[in-house]
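Every heavy atom of this structure was used, including side-chain atoms; hydrogens, water molecules and symmetry mates were not. We count ligands from 1, going down the list as the structure has it; atoms in each ligand are counted the same way.
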Amino acid sequence: MSVLVTGAAGFIGMHTIKALLERDEQVIGIDNINDYYDPALKYARLAQINNDTNFYFEKVDFSKQTSLNFLNKKHPEIDRIIHLGAQAGVRYSIDHPNQYVQSNLCGQLNILEFCRSKMITPHTLKNFIYASSSSVYGSNTKIPFSENDNTDRPVSFYGATKKAGEIMAQSYSHLYQIPSIGLRFFTVYGPWGRPDMSPYIFTKSILNDLPIRVFNEGQMMRDFTFIEDIVSGIIGALDTPPKTLNETPPHRIYNLGNNKPVSLMEYINVIEKACKKKAIIDLQPMQPGDVIKTYANTRESEQALGYAPTTSIDVGIPKFVDWYLSYHS
Ligand SMILES: NC(=O)c1ccc[n+]([C@@H]2O[C@H](COP(=O)([O-])OP(=O)(O)OC[C@H]3O[C@@H](n4cnc5c(N)ncnc54)[C@H](O)[C@@H]3O)[C@@H](O)[C@H]2O)c1
């Protein structure tokens, strides 16, 4: 029995695999190591897990239609899937929509087809977990964001592809009874984090005495979620395959956030303290695709998955800055 993890060289993928290996799971990881950000960071993440004999890595682009055909022959023992690979990033999606169509729509379909192949007798797929995003809530003003809120109005194309991924998973779960869970992550940060995200960008600029661009003149709030809390939610979902209820297919969607939004200026203050330096702040107007506030209602994921985030930014940001300093030293 083994777990297939896509996006294995990514930020959340690597941490998830580490946690799976720590509990003696066999893990097959795939990633195309694209250059959306420095591939050296992706290889360095892989180096954290590559030495484990229970881990097997394959460089694969799952957006290509036949790319996953080898898996059933080479790894027939795969019985669970955690699909984290995607083209991420809200701002990049404005000018590069095709990359999102390829990885997040064609890729989602190919992974769902792989799930379908594992539902043919004997039914060997126990659970399919996939990454969605708080971006699906778009311009929602009702807070905190609940799984049942309307998500038909994304404000970024990235958010639109994540919403489409949920709908695609719903149809496959209905058609083939695939036990599936979509997880809406809220601004994940921590060691080995992404260079296109604000903890990394702000830390780098503050340490190098460069100005940081603060959008909407700092009038924003984010539900920053520490990577260890997210991983515990992913593992909780993996261990809780949904069942068909009356006519409802075995597909559920849960928020994984911190349930404690923080203002942008307070968060910058915590990074300044961890860097032991003041930021040079360059106030900017609101960016297209951005939202003013994200705030997760986590009651459903707490009840169903035992999700219990515990890390405040006062604890998580210094861990990120420590990692940043050691990685770049
Ligand atoms: N980090 C966050 O704050 C956050 C928030 C909401 C949702 N998410 C979602 O969580 C998932 C993981 O995000 P992350 O922060 O680890 O991003 P990441 O970019 O670090 O990891 C994604 C990985 O997927 C790989 N990938 C992309 N397209 C691929 C393809 N066609 N074939 C094979 N591999 C491919 C990339 O090379 C990358 O290593 C993504 O689905 C993302 O949309 C992340």
Please state whether the rings of Tyr92 and Tyr100 are parallel, tilted or perpendicular, taking 30° and 60° as the class boundaries. tilted
Name the orientation class of the two ring planes belonging to Tyr130 and His251 (parallel below 30°, tilted from 30 to 60°, perpendicular beyond 60°). parallel
Would you mind finding which of Met197, Lys162, Arg194 brings a heavy atom closest to atom 17 (O) of ligand 1? Arg194
Counting only heavy atoms closer than 4.0 Å, does ligand 1 sit against the backbone of Asn104, its side chain, both, or neither? neither
Report yes or no: is the cationic atom of Arg184 (NZ for Lys, CZ for Arg) closer than 6.0 Å to the six-membered ring centre of Tyr137, at no more than 45° off its axis? yes
Is Tyr37 in contact with ligand 1, taking contact as a heavy-atom separation below 4.0 Å? yes
Only heavy atoms of Thr187, strictly under 4.0 Å: list the atoms of ligand 1 that pass. 3 (O)
Using a heavy-atom cut-off of under 4.0 Å, does the side chain or the backbone of Val60 touch ligand 1, or both, or neither? backbone
Is ligand 1 under 4.0 Å from a heavy atom in the side chain of Ser132, in the backbone, in both, or in neither? backbone
Of all heavy-atom pairs linking Thr311 and Gly316, the shortest is CG2-N, 3.8 Å
Ignoring hydrogens, what is the shortest heavy-atom contact between Ala237 and Asn127? Give both atom names and the distance. O-ND2, 2.9 Å
Students should be able to answer this: which protein heavy-atom is nearest to atom 44 (C) of ligand 1, and at what distance? Ile12 CD1, 3.9 Å
Single hit among Phe11, Phe226, Tyr267 for ring-ring contact (aromatic ring centres under 6.0 Å, His included) with Tyr189: Phe226
Under 3.5 Å, is there a donor-acceptor pair between the Ser117 and Asn72 side chains? yes
Does the side chain of Lys118 pick up a donor-acceptor pair with the side chain of Tyr176 at under 3.5 Å? no
Please report which non-hydrogen protein atom sits nearest to atom 39 (O) of ligand 1, along with the residue it belongs to and the distance in Å to one decimal place. Asp31 OD2, 2.7 Å
Ranked by distance from atom 31 (N) of ligand 1, the top protein heavy atom is Asp61 OD1, 2.8 Å
Counting from 1 in the order shown, the ligand 1 atoms closer than 4.0 Å to a non-hydrogen atom of Asn34 are 26 (N), 27 (C), 28 (N), 36 (C), 37 (O)
Positive for salt bridge (charged side-chain N to carboxylate O under 4.0 Å, His left out) with Asp209, one of Lys278, Lys277, Lys204: Lys277
Quick check: does Phe11 get an N/O under 3.5 Å from an N/O on ligand 1? yes
Protein heavy atom at shortest distance from atom 21 (O) of ligand 1: Gly10 CA, 3.3 Å
Return the closest protein heavy atom for atom 3 (O) of ligand 1 as residue, atom name and distance. Val188 N, 2.7 Å
Option nearest atom 30 (C) of ligand 1 (shortest heavy-atom distance, choices Thr16, Asn32, Leu256): Asn32
Which residue and atom name correspond to the protein heavy atom nearest atom 28 (N) of ligand 1, and how close is it? Ser103 OG, 3.1 Å
Relative to the ring of Trp192, is the ring of Trp323 parallel (under 30°), tilted (30 to 60°) or perpendicular (over 60°)? tilted
Nearest-option assignment for atom 27 (C) of ligand 1, heavy atoms, candidates Ala86, Ala131, Gly29, Gly165: Ala86
Hey, which atoms in ligand 1 end up nearer than 4.0 Å to a heavy atom of Ala9? 39 (O)
From OG1 (Thr225) to CG (Asp223), nearest 0.5 Å: 5.0 Å
Region of Gln102 engaging ligand 1 - heavy atom pairs below 4.0 Å: neither
Within 6.0 angstrom of Arg299 CZ, more than 12 heavy atoms from elsewhere: no
Closest approach of Arg23 to Ile235 (non-hydrogen atoms, all atoms of both residues): NH1-CG2, 3.4 Å
Six-ring centre of Tyr37, Lys42 cation under 6.0 angstrom, axis tolerance 45°: yes
As an exercise, identify every atom of ligand 1 less than 4.0 angstrom from a heavy atom of Gly7. 23 (C), 24 (O)
With a 4.0 Å cut-off on heavy atoms, does Tyr158 reach ligand 1? yes
Nearest-neighbour protein heavy atom for atom 32 (N) of ligand 1, which is reported as residue plus atom name and distance: Phe62 N, 3.1 Å
Determine whether the side chains of Thr151 and Lys163 contain a donor N or O and an acceptor N or O closer than 3.5 Å. yes
Could you list which atoms of ligand 1 come closer than 4.0 Å to a heavy atom of Gly85? 24 (O)
Starting from atom 12 (C) of ligand 1, what is the nearest protein heavy atom, named by residue and atom, and what distance separates them? Leu84 O, 3.2 Å
Contact atoms of ligand 1, heavy-atom distance to Ile33 under 4.0 Å: 37 (O)
Contact between Gly107 and ligand 1, counting heavy atoms under 4.0 Å? no
